[in-house]
There are 2 protein chains.
Amino acid sequence: MKSPSQPRDRGIPEATVARLPLYLRALNGMAERGIATVSSEDLAAAAGVNSAKLRKDLSHLGSYGTRGVGYDVEYLVYQISRELGLTQDWAVAIVGVGNLGRALANYGGFVSRGFRIAALLDADPEIVGDDIAGLNVEHIDELEAVIGRRGVSIVVLATPAVAAQEVCDRVVSAGVTSILNFAPVVLSVPDSVDVRKVDLSIELQILAFHEQRKAGGPLMAVDSQ
Amino acid sequence: MKSPSQPRDRGIPEATVARLPLYLRALNGMAERGIATVSSEDLAAAAGVNSAKLRKDLSHLGSYGTRGVGYDVEYLVYQISRELGLTQDWAVAIVGVGNLGRALANYGGFVSRGFRIAALLDADPEIVGDDIAGLNVEHIDELEAVIGRRGVSIVVLATPAVAAQEVCDRVVSAGVTSILNFAPVVLSVPDSVDVRKVDLSIELQILAFHEQRKAGGPLMAVDSQ
DNA sequence: ATCCCTTTGTGAACCGACGCACAAAGTCGC
DNA sequence: GCGACTTTGTGCGTCGGTTCACAAAGGGAT
């Protein structure tokens, strides 16, 4: 016998966590369009996944659907937001204000989802002092002070590759345990620190691999099978 | 007989393909530092993976190591490059020249790996005609013509969300079968088309989830590991 | 109130990926 | 030339994730 308010299972599979933001976005779109209830089938279609998978994912958060009806859009938005920790606001610092850092600072998708850019930092004196997305770019020397003073808990690394590890070390020393890394290097951090990596060129290389396959690559001419 | 050229297995696991670029980067770094040979242990450490996994990954391309010695760095670079299709040069078009598109256009990691930005396209007349990263921004009306004329085979979508599906449809009609999508929407495409998605805000949300856990989220008791 | 229809939540089979651990293969020193 | 040592390549147990398929649960119609 499970109490309906059974707090969600503490062990949510990583694969599920990675899809929750997808569901959340789809649900937000539906809420805006005034849709009150949605079936797993429809929501799965909107998120581009299999409906059984979606139901299993949601079941990890608790039993929030109604059989024969579906899920209440607004309630589900709230539950997923809470699970992802988006009901609080997260102070994010972006280190490295080159082209990419600038793009990130201006990217609306962050702010709209519980994230607040609390600082922009760079080492280049040419850039320090600039105003970008309504924020003043501060010098990297201020890193630790800024992190402490503004309660930064997530850092985005958009520095050149050579600087990434050093900045990372300082950030970790300052107590940050969540890092989003855009620099094309493998960061070494303590186990307690979470690093997610986004590498634009890797994605392209994976595409190239498949494209080569489809095209029947130059060297794979006659010998297949 | 240099040719144990067991034509590499055609069925390379997706997970392996996703790691090959990682190995390639590590190997390139070693080559630059003049390292001629590397063991699976060392290369695995540099790429941040388990050495058994690395050996199994490489074994899918063929038997390119020497027992008791390791792998020849330069030869392995060549083999992986060839497998990924990086020995040819790929013409890439970037559609959407906002902050992100600009950052991508200026990102050096592409060019250095067999990718050539062949076109920048945008719908905004304010932007069309600008020179960015040495390229002239062209109007989106030219999309099909540019794709055909310059042999573009990979398209990067960096448009606003609302425009993405429409541009995607046109791109697919023009014969492109590989798309890297930065717009926060689920694109609908034929099965024959490959779409990879990069979503910056999703990565942050995943970090927030783990951060909340670590911090002992609002409803969370004492059981964090 | 009862029956039928819809949709959830999940048991269970399946599939791919991971990593251990070891035999095979090759090098190097003597 | 030979034996000890190093390192690859892989068989195999395990695990997490995906999917199918269905019983249970609820709503609505009559």
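The chains referred to below are lettered A, B, ... by the order of the sequence lines, with proteins before strands, and numbering in each begins at 1. What you see is a predicted model; the values in this text were computed from it and never measured.
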If each of A/Gly68 and A/Leu58 is mapped to the nucleotide of DNA chain C with the nearest heavy atom, which maps nearer the 5' terminus, i.e. the 5' end?
A/Gly68
Grab the NE2-C1' distance between B/His60 and C/dG16 for me, whole Å please.
11 Å
Check if the side chain of B/Arg67 and the base of D/dT8 share a donor-acceptor pair of N or O atoms closer than 3.5 Å.
yes
What I want to find out is whether B/Glu14 reaches B/Arg19 closely enough, with some N-O distance under 4.0 Å, to be called a salt bridge.
no
Under 4.0 Å from OP1 or OP2 of C/dG26: is there any side-chain N or O of B/Thr66 that close?
no
Below 4.0 angstrom from OP1 or OP2 of C/dT6, is there any side-chain N or O of A/Tyr71?
no
Starting at OH of B/Tyr23 and ending at P of D/dT8, how long is that distance when rounded to a whole Å?
13 Å
In whole angstrom, what separates A/Glu41's CD from D/dC20's P?
11 Å
Cut-off 3.5 Å, side chains only: do A/Tyr23 and A/Asp57 have a donor facing an acceptor?
yes
Check: B/Ser40/B/Arg55 side-chain N/O donor and acceptor closer than 3.5 Å
yes
In whole Å, I'd like the distance from the CG atom of B/Leu54 to the P atom of C/dC18.
12 Å
Under 4.0 Å between a side-chain N or O of B/Ser39 and OP1 or OP2 of D/dT7?
no
Spacing between A/Leu61 atom CG and C/dG9 atom C1', to the nearest angstrom
13 Å
Whole angstroms only, please: what is the CG-P distance between B/Leu76 and D/dT8?
11 Å
Under 4.0 Å between a side-chain N or O of A/Arg19 and OP1 or OP2 of D/dT18?
yes
Nearest of C/dA21, D/dA21, D/dG27 to any side-chain atom of B/Ala52?
C/dA21
Just the rounded figure in Å: distance from P of D/dT7 to CG of B/Leu43.
14 Å
If you measure only the distance, is there a donor-acceptor pair under 3.5 Å linking the side chains of A/Gln165 and A/Asp169?
yes
Can you tell me if B/Arg55 touches the phosphate of D/dG11, counting only side-chain N or O atoms and a distance under 4.0 Å to OP1 or OP2?
no
Dump every N/O contact between nucleotides 12-16 of chain D and the protein below 3.5 Å, one line per pair.
unit_1	atom_1	unit_2	atom_2	d
D/dC12	N4	B/Lys56	NZ	3.3

Below the 4.0 Å mark, does D/dG9 have OP1 or OP2 next to a side-chain nitrogen or oxygen of B/Ser63?
yes
Give a yes/no answer on whether the side chain of B/Asn50 brings an N or O atom under 4.0 Å of OP1 or OP2 in C/dA17.
no
If you apply the rule side-chain contact (heavy atoms from CB on, under 4.5 Å), what do you find for A/Ile140 with A/Arg170, and how did you get there?
CA-CA 10 Å; A/Ile140 186 73; A/Arg170 290 177 58 188; 3.7 Å; yes
Do B/Tyr64 and B/Tyr75 have ring centroids that are under 6.0 Å from one another?
yes
Can you confirm whether A/Ile80 sits close enough to A/Leu27 that some side-chain heavy atom of one is under 4.5 Å from a side-chain heavy atom of the other?
yes
Whole angstrom value for the distance that separates P of D/dG9 from OH of B/Tyr64:
11 Å
Side chains of B/Ser153 and A/Glu211 only: does a donor on one sit below 3.5 Å from an acceptor on the other?
no
